[in-house]
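A quick write-up on the structure given underneath.
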Amino acid sequence: MTIDSAAFERYRRSPNTRTTLPRLFLGTGIVLFFWAATTVAVLVGGTYAFFAWQPAAAAPSGMQGFLASPLGTLTALVSFAGIWIGLWVAMRWVHGERLPALLGNSRRISWSGFLKGLIAVLITSFISEILLYLLQPQIARGPIGLASWLVFVIPIAALTLLQTSSEEMLFRGYLLRGLASRFKSPFIWALLPALLFTSLHWSASSSAAINACVLASIAAFALLLTLVVYATGNLGAALGAHLGNNLTGFLLISHQESYNSFALFNARPIEGPGWATSDAVLIALIGIACSLLTIVLLLHPRSPLRVAAELPDQASST
């Protein structure tokens with residue numbers, strides 16, 4: 001299974017001369033500033049609303065109760081709008097480019113790649129959930145009723161797209177493209193954004209073994225997302241894959257106690273106590289294996305979900 005680098009080579013050469021390392025650092029700082037500012041703003045507003053509307057329930061649970069509530073989940077997702085704002089400012093005023101330049105060679109999303117990435121990850125997520133259930137057959141109906149779930153499914157899907165697309169635009173778009181335009185080695189342009197993305201998933205409340213297994217799984221997923229960008233020269237497949245992964249956790253089966261408000265089912269929280277080291281190893285192996293299977297589904301020549309490279313003659317059809 002070989003990957004033609006022509007589409008990515010065109011993508012990495014697309015930045016203008018104002019994409020220098022100092023400007024890339026400055027732009028990244030601007031993105032982080034707007035992300036932090038937006039997070040603070042929505043947290044303050046969301047916390048005030050939570051304590052004002054339900055003081056009896058909020059008092060004993062405090063901030064942790066707010067973050068685990070439906071309003072807390074919505075607030076967390078909205079905060080990612082700050083990345084989009086920061087990227088727009090950085091691209092417009094630091095690099096003198098339009099934001100869609102990050103999407104790919106055609107400057108727009110490859111919707112066929114998006115759909116294939118979404119379907120592939122939904123398939124492998126289903127397989128992952130079966131394997132995790134065999135490892136730990138502890139699953140319960142979530143707190144949300146079916147009628148309420150149907151009301152919230154579209155808003156949550158839209159906010160999840162906001163979250164996942166902002167991360168892809170930053171880590172597989174802005175940083176990867178900018179570094180690739182300056183450095184030939186994938187150990188810089190691929191590894192550094194992947195490490196930053198992976199490190200954001202560290203949890204202080206989890207054990208060292210569970211953190212290691214989660215980070216290993218996230219690193220494998222980051223490799224998958226980077227490979228499909230490399231193969232296509234477009235963020236479409238990565239956007240779809242990331243959305244499929246997060247939608248499964250937010251709306252179907254949650255493995256996180258802090259983000260299970262809208263999930264139909266709750267499995268044993270990964271960050272909870274009682275996991276053995278052997279469990280952590282198996283969880284990591286399941287995550288890595290499913291990411292590798294997704295790579296096969298999206299890149300193998302005989303796969304019906306194989307994504308296509310975005311070449312110049314295809315720009316008008318993606």
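None of these values were measured; they are calculated from a predicted model.
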Ile253 versus Ala267, closest heavy-atom pair with distance: CG2-CB, 4.1 Å
Here the gap from Phe33 atom CZ to Thr38 atom OG1, rounded to the nearest 0.5 Å, amounts to 9.0 Å
With a 4.5 Å cut-off on side-chain heavy atoms, are Ile30 and Trp93 touching? no
Any side-chain to backbone donor/acceptor pair from Ser303 onto Leu297? Under 3.5 Å, distance only. yes
Side-chain heavy atoms under 4.5 angstrom apart, residues restricted to Ile, Leu, Val, Met, Phe, Trp, Tyr: same cluster for Leu215 and Leu285? no
Okay, side chain of Glu310, backbone of Ser106: is any donor-acceptor separation there less than 3.5 Å? yes
Walk me through whether Leu200 and Phe171 qualify under side-chain contact (heavy atoms from CB on, under 4.5 Å). CA-CA 12 Å; Leu200 292 178; Phe171 292 105; 3.5 Å; yes
Would you say Arg141 has more than 12 foreign heavy atoms packed within less than 6.0 Å of its CZ? yes
Of all heavy-atom pairs between Met169 and Leu103, which one has the smallest distance, and what is that distance? SD-CD2, 3.5 Å
Less than 6.0 angstrom separating the ring centers of Tyr230 and Phe8, yes or no? yes
is_close_aromatic(His242, Phe197), centroid dist under 6.0 Å: yes
Straight-line distance of Asn105 CG to Thr232 OG1, nearest 0.5 Å: 8.5 Å
Single-linkage hydrophobic cluster, 4.5 Å side-chain cutoff, Leu122 and Val296 together: no
Any sub-3.5 Å donor-acceptor pair from Lys116's side-chain atoms to Leu298's backbone N or O? no
For Pro143 and Asn266, which heavy atoms make the closest approach, and how far apart are they? CD-ND2, 3.6 Å
Tyr11: which residues meet the ring pair (Phe, Tyr, Trp, His ring centres under 6.0 Å) condition with it, sequence neighbours left out? none
Are Leu305 and Ile123 side-chain neighbours, meaning at least one heavy-atom pair lies under 4.5 Å? yes
Apply side-chain contact (heavy atoms from CB on, under 4.5 Å) to the pair His255 and Thr248, showing each step before the final yes or no. CA-CA 10 Å; His255 294 269; Thr248 302; over 6 Å; no
Nearest non-hydrogen partners of Ala280 and Ala209, listed with the distance: CB-O, 3.5 Å
If you group Ile, Leu, Val, Met, Phe, Trp and Tyr by side-chain heavy-atom gaps below 4.5 Å, do Phe187 and Ile3 land in one group? no
Heavy-atom side-chain proximity of Leu225 to Val229 below 4.5 angstrom: no
Quick one: does any side-chain atom of Arg12 pair with a main-chain N or O of Ala180 as donor and acceptor, under 3.5 Å? yes
Atom pair CG/OG of Leu170 and Ser165 - distance to nearest 0.5 Å: 11.5 Å
Interatomic distance, CZ@Phe221 vs OG1@Thr198, rounded to 0.5 Å, equals 11.0 Å
For the atom pair CG (Leu282) and CG (Leu131), what is the distance rounded to the nearest 0.5 Å? 10.0 Å
Can you confirm whether Leu134 is buried at CG, in the sense that more than 12 heavy atoms of other residues, nucleotides or ligands lie under 6.0 Å from that atom? yes
Student check: side-chain heavy atoms of Arg108 and Pro100 closer than 4.5 Å: no
Could you check if a side-chain atom of Leu179 sits within less than 4.5 angstrom of a side-chain atom of Pro193, using non-hydrogen atoms only? yes
Might you work through the side-chain contact (heavy atoms from CB on, under 4.5 Å) test for Leu252 and Trp149, ending with a clear yes or no? CA-CA 10 Å; Leu252 299 179; Trp149 185 84; 4.2 Å; yes
Would you check if Thr28 and Phe25 make a side-chain contact, meaning some heavy-atom pair closer than 4.5 Å? no
To check you understand the geometry: which heavy-atom pair defines the closest contact between Leu162 and Phe80, and what is its length? O-CB, 4.4 Å
Between OH on residue Tyr259 and CG on residue Leu77, distance to nearest 0.5 Å: 7.5 Å
Applying side-chain hydrogen bond (donor to acceptor under 3.5 Å, both in side chains) as the test, list every pair that has at least one member in residues 169-192; sequence neighbours left out. Ser14-Arg177, His95-Tyr174, Glu97-Arg177, Glu168-Arg172
Give me each pair satisfying side-chain hydrogen bond (donor to acceptor under 3.5 Å, both in side chains) with a member in residues 278-298, each pair once, sequence neighbours excluded. Thr124-Thr294
Under a 3.5 Å distance rule, please check whether Asn245 uses its side chain to pair with a backbone N or O of Val121 as donor and acceptor. no
Determine whether Leu223 and Trp202 fall in the same hydrophobic cluster, where Ile, Leu, Val, Met, Phe, Trp and Tyr are linked whenever their side-chain heavy atoms lie under 4.5 Å apart. no
For the hydrophobic clusters of this structure (ILVMFWY residues joined by side-chain heavy atoms under 4.5 Å, transitively), does one cluster hold both Leu195 and Val31? no
As a quick check of understanding, evaluate side-chain contact (heavy atoms from CB on, under 4.5 Å) for Phe250 and Gln163, giving each step before the final call. CA-CA 12 Å; Phe250 283 133; Gln163 177 226 348; 3.5 Å; yes
Which atoms form the tightest heavy-atom contact between Ile286 and Leu132, and what is the distance? CD1-CD2, 3.9 Å
Are the side chains of Leu299 and Val307 in contact, using a 4.5 Å heavy-atom criterion? yes
Tell me, yes or no, whether the heavy-atom count around Phe114 atom CZ, taken from other residues, nucleotides or ligands under 6.0 Å, exceeds 12. yes
Check whether any side-chain heavy atom of Leu74 sits under 4.5 Å from a side-chain heavy atom of Leu159, and report yes or no. yes
Take Glu271 and Ser203, measure what side chain to side chain donor-acceptor pair (under 3.5 Å) needs, and give me the verdict at the end. CA-CA 8 Å; Glu271 72 271 23; Ser203 173; over 6 Å; no
